[in-house]
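Written out below as structure tokens is the structure these notes cover.
The structure presented is a predicted model; accordingly, all values stated were derived computationally and were not measured.
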Amino acid sequence: MKKRSKRILTGSALAGAAALVLFALPAGATTSPADRTTAATPKAGAQALSQKPFTLLQMNLCLSGYAGCYAKTQYPRILDETVDRIEANQADAVTLNEACSKDVDQIAKSTGYHSRFATVIYDGAPLACKSSTGRGVYGNAVLTKDEIRSSKDAPFSVSNGVEERRWLCVTTGRGMDVCTSHLSTGGEAVNSTNSLQCAELAKVLADRGRPTVFAGDVNRSASCAPKNFWTATDVAAGQAPGIQHSYGNLAEPTVELENTTYTDHDALVIRTRSD
């Protein structure tokens, strides 16, 4: 397996309850709303949020077998690479896009993690992953070290074409929520399907009512984070930069980017703190 390359983008907070954190960018890069992190205002009784490190790993695996990027996965090597990233980062939670249900089961079994899978409807029915067969159906997943107490997933009110887009959130035994989604292509054009999904996602996250962290491929540069959530992105990634995002209301977020060998998006690693 190709040696992992890691780039660390560390934020330092300015004074103030709603402090602004700027991530370091490559030479020649410019900041945009999606390149900034805004720290959430601490809530009463929430001081414990800064007590325990929490690491979230986001990966888009390109596993359906239909997309042109699938050849790069060299299946099943992408599964080995995913397990390697989970274990090397000691991730507390993992969010996976363009995944297959049986592959997620295998990753969860290999790591000992708990998992939930959200099936994406394609042309009116679940889409069976192919090349090879028997890998279950296509969708998104969340895996966690802590037990999963409950989960919920639902489609967005609008989708582009025949592929449904949906969000997935789990509540863990730690009393926090981990969410993911994969939004439609099309970017942030006004009233585009992607923008409408983005607004819905912001409301879903704002309504969770618990410490919450999100990561996913949102197919846009502008943030979908609700008010008082920070935003972190893979803007410095070597592959498809700027469209994998993480949002949250946990403390002290930093970003690490890792080159991947067997998928077309780099891995996004968020290190923060929760209770």
Crowding at [atom1], [X] (>12 non-hydrogen neighbours, <6.0 Å):
| X | atom1 | result |
| --- | --- | --- |
| Tyr122 | OH | no |
| Gln90 | CD | no |
| Lys152 | NZ | no |

Arg271 side chain reached by Asn89 side chain, heavy atoms, under 4.5 Å |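 The answer is yes, as the side chains (C-beta and beyond) meet within the 4.5 Å cut-off.
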Minimum heavy-atom distance Ala225-Trp230, with the two atoms named =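 What the structure gives for the nearest pair is CB-O, 4.1 Å.
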Answer yes or no on whether Arg208 is positioned over the face of Phe214, meaning its NZ or CZ is under 6.0 Å from the six-membered ring centre and within 45° of the axis.
->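 Pair Arg208/Phe214 does not count as cation-pi.
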Nearest 0.5 Å, please: how far is [atom2] in [Y] from [atom1] in [X]?
| X | Y | atom1 | atom2 | answer |
| --- | --- | --- | --- | --- |
| Leu205 | Asn249 | CG | CG | 9.0 Å |
| Asp266 | Asn60 | CG | CG | 11.0 Å |
| Ile270 | Thr254 | CD1 | OG1 | 7.5 Å |
| Ser159 | Gln197 | OG | CD | 5.5 Å |
| Arg77 | Asp84 | CZ | CG | 13.5 Å |
| Leu63 | Leu79 | CG | CG | 6.0 Å |

Decide yes or no on side chain to side chain donor-acceptor pair (under 3.5 Å) for Gln58 and Asp217, but give the supporting numbers first.
-> CA-CA 9 Å; Gln58 155 65 20; Asp217 181 350; over 6 Å; no
Quick one: do Asn160 and Thr185 satisfy side chain to side chain donor-acceptor pair (under 3.5 Å)? Show the steps, please.
-> CA-CA 8 Å; Asn160 186 14; Thr185 57; 4.6 Å; no
Among side-chain atoms of Thr260 and Gln239, is any donor-acceptor pair under 3.5 angstrom?
->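 Yes, side-chain donor-acceptor contact under 3.5 Å.
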Do NZ/NE/NH1/NH2 and the carboxylate oxygens of Arg210 and Asp177 come within less than 4.0 Å?
->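 The answer is yes: the pair qualifies as a salt bridge.
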SB check Arg174 Asp92 (cutoff 4.0 Å) =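 Between Asp92 and Arg174 there is a salt bridge, with a charged N closer than 4.0 Å to a carboxylate O.
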